Structure formats: C-alpha cells, structure tokens
Amino acid sequence: MSDQNRRHMALFPIGIVTKLTELTARQIRYYEANHLIQPARSASNQRLFSFHDIDRLLTIKSYIEKGMNIAGIKQVMKMGQAASKSEARSDATDQSEQPRQDLTDVELRQFLKQQIIHRQLGETPLIRGELHRFYQN
DNA sequence: ATTCTGACA
DNA sequence: TGTCAGAA
C-alpha cells in the first residue's frame with residue numbers, strides 16, 4: 001500500500017482528533033461545513049479522519065491563531081496547492097522537502113497582497129485582529 | 001460512552 | 001464559538 005493511501009485512510013473519530021489538534025468538535029465540524037476539510041463517514045454517519053485531515057486541521061488552526069477567518073484560509077490554502085506545484089517545477093535541487101509548513105510564509109505574503117487589493121475595493125476584510133505587523137514585509 | 005444535527009436566554 | 005437538546 002502506498003504512503004498516499006495510508007495518509008488518506010479514514011482512521012480516527014472526532015474525539016481523538018480534538019485531542020490531537022486542540023480544536024473543539026464544534027470548530028472541526030464548522031470547518032467541514034465550510035469545505036476546509038472533507039473527512040470520510042462511517043456506516044453510522046460518524047466522521048472518520050485521516051492523517052491528511054489531521055495536518056490539514058493543524059494548518060487551519062495556525063491560520064485561525066493568526067487571525068484569519070474561513071474565507072481567508074480558503075484562499076491561502078488554494079494558493080498553497082498552486083504554489084506547491086509551481087515550486088516543485090522551479091526547485092530542481094530539493095528532493096525530499098516538507099511543503100506545508102515551509103509554504104506558510106509565501107502563502108501569507110501572497111494572501112496579504114490580495115488583502116490590500118480587496119480592501120481598496122471595499123471588500124470585507126478576511127483578517128481580524130492584530131495581523132498588521134505583517135504589512136511591513 | 002460518543003457523535004450528529006440544529007438552534008440560540 | 002459555546003452549549004444544550006434529542007436522536008442514533
């Protein structure tokens with residue numbers, strides 16, 4: 001069985017996940033309702049999370065702690081997918097890298113760029129609270 | 001005992 | 001986001 005299969009294998013119920021991620025069941029369900037994650041379901045309609053879902057949630061958690069809301073996280077994570085592909089094409093040297101955690105910085109800058117544009121267009125801010133320190137970059 | 005959905009003094 | 005209800 002390939003590693004990808006194991007990564008996407010539906011394994012743990014929400015109870016385990018809340019302990020693994022420090023997120024409340026409420027939050028986890030809310031993120032699913034907003035399509036940030038798509039955990040599998042058991043025959044009894046119980047959510048079953050994979051390792052992929054887990055670090056996906058951890059990524060979401062870090063963004064939430066940075067003051068981002070669902071709309072913002074959606075954008076950043078979509079860019080993350082696009083970025084990891086283009087990065088794989090440009091970086092011929094890195095053989096075995098860890099894309100996720102490493103991309104977060106690039107994603108944030110890309111995101112902030114959009115933020116500024118949207119604000120000028122009078123759109124609803126995607127960030128809440130103190131994240132203004134990043135505008136210096 | 002756990003989880004699910006819907007709703008809000 | 002918390003939390004409670006009613007059902008599975």
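Numbers restart at 1 for each chain; the letters A, B, ... are given by sequence-line order, proteins then strands. Only heavy atoms go into these numbers, but all of them, side chains included; no hydrogens, no water, no symmetry mates. This is a predicted model, so every value here is computed, not measured.
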Fill in the blank from the handout: Of A/Leu23, A/Leu36, A/Asp53, the one forming a side chain to side chain contact (heavy atoms under 4.5 Å, CB included) with A/Ile28 is A/Leu23
Problem - 4.5 Å side-chain heavy-atom contact, A/Leu57 and A/Ile60 - result: yes
Practice task
Please identify each residue that fulfils side-chain contact (heavy atoms from CB on, under 4.5 Å) with A/Leu126, with sequence neighbours left out.
Solution key: A/Asn69, A/Ala71, A/Gln75, A/Phe111, A/Gln115
Handout entry: Aromatic ring pairing A/His52/A/His8, orientation class (parallel under 30°, perpendicular over 60°, tilted between)
Key = tilted
Exercise for the section: Could you list where the contact with chain A starts and ends along DNA chain C, reading 5' to 3', using a 4.0 Å heavy-atom cut-off? Expected result: C/dT1 to C/dT3
Exercise for the section: Return yes if some donor-acceptor pair links the side-chain N/O of A/Asn45 with the main-chain N/O of A/Arg41 below 3.5 Å, else return no. Expected result: no
Practice task
Check for a donor-acceptor pair, side chain of A/Lys61 on one end and backbone N or O of A/Thr21 on the other, with a separation under 3.5 Å.
Solution key: yes
Practice task
Kindly indicate whether the side chain of A/Arg56, heavy atoms from C-beta on, has any atom under 4.5 Å from the side chain of A/Met77.
Solution key: yes
Exercise for the section: Could you work out the complete set of other residues in the hydrophobic cluster of A/Ile117, with links drawn between I, L, V, M, F, W and Y side chains under 4.5 Å apart? Expected result: A/Leu121
Under 3.5 Å, N/O pairs linking protein and nucleotides 6-8 of chain B:
none

Handout entry: A/Leu48 reachable from A/Met9 in the ILVMFWY side-chain graph, under 4.5 Å edges
Key = no
Handout entry: Cationic N near anionic O, under 4.0 Å, A/Arg7 to A/Asp55
Key = yes
Practice task
Starting at CD of A/Gln27, measure out to CD of A/Glu32 and round the result to the nearest 0.5 Å.
Solution key: 14.0 Å
Exercise for the section: May I ask you to list the residues of residues 32-49 of chain A, by number, that have any heavy atom positioned under 4.0 Å from an atom of DNA chain B? Expected result: A/Arg41, A/Asn45, A/Gln46, A/Arg47
Problem - A/Leu108 CG to A/Ser62 OG distance, which is reported to the nearest 0.5 Å - result: 8.5 Å
Completion exercise
Its dot-bracket string being built from Watson-Crick and G-U pairs below 3.5 Å, with | for another strand and [ ] for crossing, DNA chain C has the pattern .|||||||
